[in-house]
Amino acid sequence: MASLGRQAAALFAAGRNSLDGLRFLLQERAFRLEALALAAGVLAAPFIARDVKECVVLVGAIVAVLAVEALNTAIEQVCNLVTREFRPEIKAAKDCASCAVTLSLVVCGALWLAAAGDRLGMW
């Protein structure tokens with residue numbers, strides 16, 4: 001079993017790697033826009049949500065979009081490392097990753113619309 005010091009060092013290194021990833025992601029326009037949506041969502045969710053659980057779901061939906069965007073960016077980086085030349089397989093990988101982001105945005109938007117509609121008594 002690893003010593004507590006080694007475990008702490010590994011945890012610190014993992015945190016540093018995550019911060020490096022966040023710094024990289026903040027260079028991406030889409031990620032910055034979604035991070036801005038997260039900030040707005042954190043402020044707006046308490047006014048839209050009926051309870052704490054719904055607030056967590058609304059904010060969590062935006063965090064999920066950010067996570068999918070991070071994976072999309074990682075896939076794009078790996079594809080670009082493999083080749084910059086057109087390859088149908090690379091295009092398919094990038095298109096599928098982009099589709100995942102779009103699907104997460106649709107689900108996130110649907111959750112926010114449903115919560116807002118409920119709050120406004122639309123249904």
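Keep in mind the model is a prediction, meaning the values are calculated, not measured.
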Asks: I'd like to know if Val56 and Leu66 are part of one continuous hydrophobic network [Ile/Leu/Val/Met/Phe/Trp/Tyr, side-chain heavy atoms within less than 4.5 Å].
Replies: no
Asks: Quick check: do Val57 and Lys53 have side-chain heavy atoms less than 4.5 Å from each other?
Replies: no
Asks: Tell me the closest heavy-atom pair linking Cys108 and Ile62, and the distance in Å.
Replies: SG-CG1, 3.7 Å
Asks: Would you confirm whether Ser18, through its side chain, and Ala14, through its main-chain N or O, come within 3.5 Å as a donor-acceptor pair?
Replies: yes
Asks: Starting from Val107, can I reach Leu33 by hopping between I/L/V/M/F/W/Y residues whose side chains sit under 4.5 Å apart?
Replies: no
Asks: Quick one: does Trp112's side chain have a donor or acceptor within less than 3.5 Å of a partner on Val59's backbone?
Replies: no
Asks: What closest approach, in Å, do Arg50 and Glu54 show between heavy atoms, and which atom pair accounts for it?
Replies: NH2-OE1, 2.8 Å
Asks: Checking one residue: Phe47. Which other hydrophobic residues are in its cluster under the side-chain 4.5 Å linking rule?
Replies: none
Asks: Crowded around Phe12 CZ? As in, over 12 foreign heavy atoms under 6.0 Å?
Replies: no
Asks: Nearest 0.5 Å please: distance from the CG atom of Asp118 over to the CD1 atom of Ile48.
Replies: 11.0 Å
Asks: Under 3.5 Å, is there a donor-acceptor pair between the side chain of Thr102 and the main chain of Ser98?
Replies: yes
Asks: When rounded to the nearest 0.5 angstrom, what is the spacing between CZ in Arg6 and CG in Leu11?
Replies: 15.5 Å
Asks: Kindly give the heavy-atom pair with the smallest separation between Cys55 and Pro46, and that separation in Å.
Replies: SG-N, 3.9 Å
Asks: Could you tell me if the side chain of Val101 sits less than 4.5 Å from the side chain of Glu34, heavy atoms only?
Replies: yes
Asks: Looking at Arg119, I want to see if its CZ is surrounded by more than 12 non-hydrogen atoms of other residues, nucleotides or ligands under 6.0 Å.
Replies: yes
Asks: Can you hop from Leu71 to Phe24 via hydrophobic side chains spaced under 4.5 Å?
Replies: no
Asks: Is any side-chain heavy atom of Glu89 closer than 4.5 Å to one of Val82?
Replies: no
Asks: Say you draw a straight line from CD1 of Ile75 to CG of Asn80; how long is it, rounded to the nearest 0.5 Å?
Replies: 12.0 Å
Asks: Look up atom CD in Glu69 and atom CG in Leu105, then write down how far apart they are to the nearest 0.5 Å.
Replies: 7.5 Å
Asks: Measure the spacing between CZ of Phe31 and CG of Leu26 and express it to the nearest 0.5 Å.
Replies: 5.5 Å
Asks: Measuring from Leu81:CG to Ile90:CD1, what's the distance to the nearest 0.5 Å?
Replies: 9.5 Å
Asks: Is it true that Leu25 and Val65 fall in one hydrophobic cluster, defined by side-chain heavy atoms closer than 4.5 Å?
Replies: no
Asks: Who are the salt bridge (Lys or Arg N to Asp or Glu O under 4.0 Å) partners of Lys91, not counting sequence neighbours?
Replies: Asp95
